[in-house]
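In what follows, every chain begins at residue 1, and chains take the letters A, B, ... in the order their sequences are listed.
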Amino acid sequence: KQEVTQIPAALSVPEGENLVLNCSFTDSAIYNLQWFRQDPGKGLTSLLLIQSSQREQTSGRLNASLDKSSGRSTLYIAASQPGDSATYLCAVKNSGGSNYKLTFGKGTLLTVNP
Amino acid sequence: NAGVTQTPKFQVLKTGQSMTLQCAQDMNHNSMYWYRQDPGMGLRLIYYSASEGTTDKGEVPNGYNVSRLNKREFSLRLESAAPSQTSVYFCASINRGGGDTQYFGPGTRLTVL
């Protein structure tokens, strides 16, 4: 059974700092990995999706990497801003079988202080 | 283009009452999902529908039923609500032809007393 772990559970940084959020998964046979952002009381917004054949994806100040063999992904946020404060979740979709389902981590709560 | 919409946004039920959570998407997606989100538990899949006319159980299906009414709509029904079903419920859909990005609705906050 796929398990997804995110460390740390919470992170507080000063504005302007570069930071890395970590995601690990137990079964390396994944189809893709997705990073989401969730603001308080809101739904999830997709940030980046990395296919299993890719090593990284970039969008603006965000860069997500994937190392399938070691079961790890990182989300790098450059020059953090208070508006980046949110919970960040990663989710993996397994390859093969019923590959319609995502397995989510519990998220990292990020606070960026002005 | 509204994306994924859910109704109601908030609901309070008494134990034993029934209700249906509605979800609709206007992105022509084939696959739709219902999740619940609880503190410390993360997001857990309740049911999903890979395509119109099919539904399958997820991780925590007990106490719920679903209906894929058509390609746009996927409803979740609680027949006899229990306090353990107090949660935030999210509907989602996947653009399977466009990289499998999953799109979420804003959620329904349900309290069962």
Where does A:Leu48 contact chain B at under 4.5 Å (heavy atoms): side chain, backbone, both or neither? neither
Atom pair NZ/CD of A:Lys93 and B:Gln102 - distance to nearest 0.5 Å: 7.5 Å
Cluster check A:Leu19, A:Leu109: I/L/V/M/F/W/Y, side chain < 4.5 angstrom: no
Which pair of heavy atoms, one from A:Gln38 and one from B:Phe90, lies closest together, and at what distance? NE2-CZ, 3.4 Å
Between B:Leu45 and chain A, with a heavy-atom cut-off of 4.5 Å, which part of the residue counts as in contact: side chain, backbone, both or neither? side chain
In the single-linkage hydrophobic clustering (I, L, V, M, F, W, Y; side-chain heavy atoms under 4.5 Å), do B:Val88 and B:Val66 co-cluster? no
Is it the case that the side chain of A:Lys106 and the backbone of B:Gly40 share a donor-acceptor pair, with hydrogens and angles ignored and the cut-off at 3.5 Å? yes
Hydrophobic cluster identity match, B:Leu13 and B:Leu21, side-chain contacts under 4.5 Å: yes
If hydrophobic clusters are built by linking Ile, Leu, Val, Met, Phe, Trp and Tyr wherever their side-chain heavy atoms come under 4.5 Å apart, do B:Tyr64 and B:Tyr48 end up in the same one? no
Measuring heavy-atom distances to chain A, does B:Arg109 have an atom under 4.5 Å in its side chain, in its backbone, in both, or in neither? side chain
Answer yes or no: does atom CZ of A:Arg72 have more than 12 heavy-atom neighbours from other residues, nucleotides or ligands under 6.0 Å? no
For B:Tyr33 and A:Leu102, what are the C-alpha separation, side-chain angles and deciding distance, and is it a side-chain contact (heavy atoms from CB on, under 4.5 Å)? CA-CA 10 Å; B:Tyr33 304 76; A:Leu102 298 183; over 6 Å; no
Heavy-atom contact with chain A under 4.5 Å, split by part of B:Tyr103: neither
Joint hydrophobic cluster, A:Val4 plus B:Phe104, side-chain heavy atoms closer than 4.5 Å: no
Counting heavy atoms not belonging to B:Met41, are there more than 12 under 6.0 Å from its CE? no
I'd like to verify something: which residue of B:Pro106, B:Gly105, B:Gly42, B:Ala92 has the highest number of heavy-atom pairs under 4.5 Å with chain A? B:Pro106
Interface moiety of B:Gln6 toward chain A, non-hydrogen atoms closer than 4.5 Å: neither
Mind checking the CG-CD spacing from A:Leu44 to B:Gln37? Nearest 0.5 Å is all I need. 6.5 Å
